[in-house]
Amino acid sequence: MRLMTTLYPAYPFEQYQLEDVTIYVEGVVYNRDAQTLRDELEQRATQQEKSLTDSKWLRSLDGEFVFYVYDAAASKLVIVPDLLGQLPLFYATNTEYALVGRNKPILARLSGCESFDQMAVAQYLRLGYALTDRTLYADIRRLPEGHHLQINMETGDLAMHQHYEFELGGEPNASNISKVNARELASRFTDACRRRAERCPGANVVLLSGGLDSRAILGGFEHCDADYRSATRNFEHDSQADIDLAGELAAAVESNWQLLSTPGPTGTELIDHLNMTAGTDPFSIAHMQPFLRRVQEMIEGPLWSYTGDGGDKLIPDLSPVVELESPAALVDYILDSEAKFSANDVEQMTGVSEAAIRTEIRETIRDYPESSLAKKFVHFELFQRAFAWLFEATDTNRNYFWTTSPFYAIDFVEYAMDCPDEQKRRYRLYSEFLQSLDAELASVPNANFGAPPTSRSHELRVGLYNALQRHPGVFETVKPTIKRILGLSSTSDPDPTILTCLRQQNARNSQHVVEPQGIEQTVLASPESYSRGELCHVLTLLSLIDSHRDEPVLHEYSTTEFA
C-alpha cells in the first residue's frame, strides 16, 4: 500500500500506529477528543465484536471525516467516511489495482483515464450535476453516502458496501408543536457551533450573506459565546441587497465584519478551480478562488470558515408544490425544477436523448426507501443535488482552510428530517428556529425575499413564490421583475472573454463527448439567449475536456480576468 497526501500545515490528518493496524484519520470528529477517538477506533479495528461500519456508532460521531484502516495481518484496507459523505471520496474502476482518493483529476492522471462519461455529461448540462455515483470521468466513481470501501491488499480487488440508508418517510417529530421543535433544533445547532468553535486551532470566520443560513451561525456563536469574525464577498455579479443585509446582520450582533472586494477569477484561477473539483463546481462560482485568498489574508495564523450549507435543505419544506400522481410525474417535476439547459439543447450538445436521462432519473428514485412520491423528491433533493453536488462545492474551500457547516451535525440532520413538512411550510419553522437563536437577527430582512423571516410579509411572499412555481412558464417570465422589485438584481451579461475562450476550446475539441457542432448551434449561435451562469457551465465542461490536451486553451488566459 502507498499513501500519498498533499497537506497544508493546519489540514486535519492524523496517524495512529497500533501493532498490526495503521489508522489514518482525515478530517475532524467534533464530539470526541483525540484520545477517546483513538481508543474507539482501536477497539473497532482489532475486536471482531465491534465494527468500524456500525451505523449506530457512526451516527454518534459529529464531524466531517474519513477513516483509513490498514490491517497488515489480515491484508485488507477499510475506508469509512462519515455517514453523510461530507469529504467526497472517489475510486477508479478500470485499473489493475485499487486506486482511491479525494481528488478526481489526480485519480484520472494516475489511472490513465482520459475519457468522459457521456451520460454524466448530459446530466451535468440538463440538471447541473451527475446522478448517483457518476462523475464526468468515465472510469472515476463517487462513493455514495452510507457506503464504505474494502480493499484486498493481496489481490488489489476493491469492493463497495452499504452500511446505512437514510429514510425520510416518517415524521416522528410531528407530535411536537413547532415552537418545541424549533427550540430543540436551536439547542442542537448551538451545541454543534460550540463543538466546532472549541476545536478550532485559530480564528473562526463566518462566510456571511444576507440570507437565512449563515445568519443562523451568527446566532449559534452568539448563543454559545464563541469568538468569531465574519466576512462577505463583494463580486460585481453579486446582489447588492445581499451585501447590504449581510452588513446589517453583522451590525445587529456587533460582529467584527469585513466586506472583501473580490475580482473576477483569472485563467490561472479557473485552472486551480478545475483541478479542485474536475467540473462539479462550475466556473460561475470560481470567483470564490480570489475571495478565499482574501479571507486568508485577513487572518494571521490558521482559520476555520463556516458556511450555512444545509440550512436551505433541512429546515424549509422541500416537498413538491404540485400533487404528483405517478413516478413519471415525479421525473417531470425533477426535470422542470432542476433544469439547467433544455432537453433539445442537451441532445444537440451531447447526442444523449431526454428519454435516456429520464430513464436514469426514474431508476434512481425507484430505489429510494420512501413510499410517498413527495418524500422521494425530498430524498432526491438531499442526496443528489445537495450531498452529491454541494458537498464538492464546499470541499473547494478546504483547499485553503478547513470549512464546516453546523447544519450537517448528524443529530441536527436527523432531527430536522423528522420534523413535519407542515411546520416547515413558508419558512414558519425556520422563523421560529432563528428567533430561538437570536430575535434581533430574525428581525433583519431575508435577502432572498426582501422581508424579515418573522414577518407576515415574508410568509406571503414565500407563498406567492411557491404559487408561481406551479406554473414554470409564468414563473420564468416574471422572475426578473420580482428580483428587481426585491433589489436582488445583479449584472449578468457575460464577459466577452468567456465567449472567445469557448470558441477556441470548441474549435480544438476532438473528444465528441460534447459535439462541437452542437455547441455552435446553441450557446455560440445566440449567446444572448443564455445566462452568464449557463455559459460558465459550458465553459467549465469544455475546459475539463481541454485540460487533457498538451496545451490547454486556458493557459493562454493565465492573467486575463473572467468578469
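One is the number of the first residue; the rest follow in order along the sequence.
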Checking the side chain of [X] only, and the main-chain atoms of [Y] only, is there a donor and an acceptor separated by less than 3.5 Å?
| X | Y | value |
| --- | --- | --- |
| N103 | N275 | yes |
| N399 | T396 | yes |
| T36 | R32 | no |
| T132 | R134 | no |
| S214 | S209 | yes |
| K424 | L314 | yes |

Please tell me if the side chains of [X] and [Y] come closer than 4.5 Å, counting only heavy atoms from C-beta onward.
| X | Y | answer |
| --- | --- | --- |
| L168 | L382 | yes |
| L58 | Y164 | no |
| L185 | L429 | yes |

> Below 4.0 angstrom, N of the basic side chain to O of the carboxylate: do E26 and R102 qualify?
Replying inline: yes
>> Cation-pi check for Y30 against R196: NZ or CZ below 6.0 Å from the six-membered ring centre and within 45 degrees of the axis, yes or no?
In response: yes
> Of the options L41, V78, I79, which is the one that meets F67 in a side chain to side chain contact (heavy atoms under 4.5 Å, CB included)?
Replying inline: L41
>> Before you tell me yes or no, could you show the steps for E171 and K375 under salt bridge (Lys or Arg N to Asp or Glu O under 4.0 Å), namely the whole-Å CA-CA distance, both residues' side-chain angles and the distance that decides it to 0.1 Å?
In response: CA-CA 11 Å; E171 295 181 346; K375 289 296 186 182; 2.9 Å; yes
